Amino acid sequence: MKSLIPLLALSTIVASSTVQRPLQDASSSEAVVSSKSRPLVNSTQLQGHIHSDNLLKRAKELYKIAELGTAEYGHPTRVIGSEGHAGTLNYLYSTLSQYSDYYDISNQTFYATLGKIFGSRLVLGSAQVTASPMSLTPPTPKKEPVYAPLVLVANEGCNPSDYPKNATGSIALIRRGICSFGAKSEAAGRAGALAAVVYNNYPGSLSGTLGDPSKYHVATVGISNEDAQPYIKDLEAGKIIPSSVWVDAIVRRTPTTNIIAQTKGGDQANCVMAGGHSDSVSEGPGINDDGTGSLSLLEIAVHLTKYSTENCVRFAWWAGEEEGLLGSDYYVSQLSSEENMKIRLFMDYDMMASPNYAYQVYDARNSRNPVGSQELRDLYIDWYTANGLNYTYIPFDGRSDYDAFIKHGIPGGGIATGAEGIKTQKEVDMFGGRAGAWYDPCYHQLCDDVQNCNLGAWEINTKLIAHSIATYAVTFDGFPKRTSVKTDAVTEDSPYHGPELFM
Ligand SMILES: *[C@@H]1O[C@H](CO)[C@@H](O)[C@H](O)[C@H]1NC(C)=O
Ligand SMILES: *[C@@H]1O[C@H](CO)[C@@H](O)[C@H](O)[C@H]1NC(C)=O
Ligand SMILES: *[C@@H]1O[C@H](CO)[C@@H](O)[C@H](O)[C@H]1NC(C)=O
Ligand SMILES: *[C@@H]1O[C@H](CO)[C@@H](O)[C@H](O)[C@H]1NC(C)=O
Ligand SMILES: [Zn+2]
């Protein structure tokens, strides 16, 4: 018989993290035996346990937990580092702990970088220009304005040679493209610039993130191409443009935790994995994003304990998704090749109940994603079709926690109901709702509360999640075998890693 301590936990111990061993109790070997007497999970039956009133009850509890964040943030939130997030982790963990004979439950703690912006201003010549400070930007020195001439950087400002001598002591004006915003900010800092202004290379405003902090980063803001063009012309004509940038912000590191639960039963070398993110943005309680996906998985994890499985089922609740997929990136980075190969596929469930929903399926393809991604996509499509429901494809472009998995050879996919995209008339014909409005008008805002969730869509998608888990918990027959921990598929250039632009 196999060790009851899953290799998963062993493989994730690293110097910078503290991983708690899963709960072990004296009865766990009996539990494994008795799980054999449970009937084998059956998709129809598992779906039959899913009711929107139970989901609603959990959503209301989660909102109360988000209110724990009010003392520090002035409103409910479950952002990492907040009491609301700590409460979320306790809720998930304590619920799962009631089934510690069925699941090995572990915490994976890691350090996340957290930014907070209090204010910013950009003045070019004599005019104030609308600018978005980049997420994770450092403040200007002493959080006071810097005054310096604007200097135009050559090309995209990715190489030291793009910076003229007089970039030292200047405010650098840099075009978007080729390299990340973080790389531009670093290059500007190394060239001695006091601050950086990145202008868009497409119409429209520009906001993004600098990503991982660097000691060379300088305060960095984004502006639109339209706003930048007149100043670029003046600079090219040799004019001097006295300017100022002010950013008041902090960047700090905080420990936070992924929670993982894996069935003790089932083939431990062949796992179906499903995840949602436990955190919200700081602006609101995040009940749809991603309270819904997290609670769908919790509800299914509870009902799955009535059954046995042939394969192992592993659930994850990621932390730090909103700061750039930190939890899932960290998790995958800590997998040995052997552990990586045990994950037959990863399914991402983020935003299951948008009020102006569409049934969206990530358009994962075997031609450009790890083989098996397309079979998973087709499982979702077949289910919607069999249930007489419409669906649409959405880009599989790195905006949620599947990203690290598909970059490390693990087939992935998932479903969603839409964020800040705009619903078309055609989609209104397919799903109802309002054309010309966001799928989730409360996306990343304070109003992402219990009322923001469409219970009908949530119940349907939770049944589909139950179907996806039950299907692969029974068999991987016909599902492609894992071949590599690297992806040989074409990697698409996506400017997204998580919810924000990084380049
Ligand atoms: C699953 O359960 C349903 C309903 O109880 C039943 O009709 C179906 O035959 C079962 N499927 C399998 C594969 O046992
Ligand atoms: C894991 O984290 C949860 C939530 O923070 C906590 O309640 C629990 O005590 C932790 N478990 C272990 C074994 O550290
Ligand atoms: C910086 O140097 C460039 C030439 O490399 C020149 O065109 C520009 O006017 C200078 N800017 C300032 C503020 O001195
Ligand atoms: C699916 O979409 C078509 C329009 O393309 C619509 O006529 C039909 O009613 C929709 N089905 C459902 C279940 O909403
Ligand atoms: Zn999300």
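Since the structure is predicted, the reported quantities are computational estimates derived from the model, not experimental observations. The first residue of the sequence shown is numbered 1, and numbering continues consecutively from there. Every number for a ligand or one of its atoms is a count from 1 in the order of the listing.
In this structure, atom 4 (C) of ligand 3 has no protein heavy-atom contact shorter than 4.0 Å. Distance remark: protein heavy atom not present below 4.0 angstrom from atom 9 (O) of ligand 1. Protein non-hydrogen atoms do reach within 4.0 Å of atom 14 (O) of ligand 3.
With 2.8 Å as the limit, Asp290 does not count as an N, O or S neighbour of the Zn ion (ligand 5). Taking 2.8 Å as the threshold, Asp289 counts as a candidate ligand of the Zn ion (ligand 5), since one of its N, O or S atoms lies below it.
Note on Arg399 versus Glu420: salt bridge recorded, some NZ/NE/NH1/NH2 to OD/OE distance being below 4.0 Å.
Considering backbone and side-chain atoms together, Asn42 places an N or O closer than 3.5 Å to an N or O of ligand 1.
Figure legend: Arg38 and Tyr307 shown without cation-pi pairing, the cationic atom not lying both under 6.0 angstrom from the six-membered ring centre and within 45 degrees of its axis. Taking the ring centre of Tyr402 as origin, the terminal cationic atom of Lys407 falls outside the region bounded by 6.0 Å and 45° from the ring axis.
With a heavy-atom cut-off of 4.0 Å, Leu235 does not touch ligand 3 at all.
Separation of atoms SG (Cys453) and CG (Leu62) is listed at 9.5 Å; rounding is to 0.5 Å.
At the shortest separation from atom 12 (C) of ligand 3 among protein heavy atoms lies Asn166 ND2, 3.3 Å.
For the residue pair Asn54 / His49, no side-chain donor-acceptor distance below 3.5 Å is found, with atom types taken as modelled.
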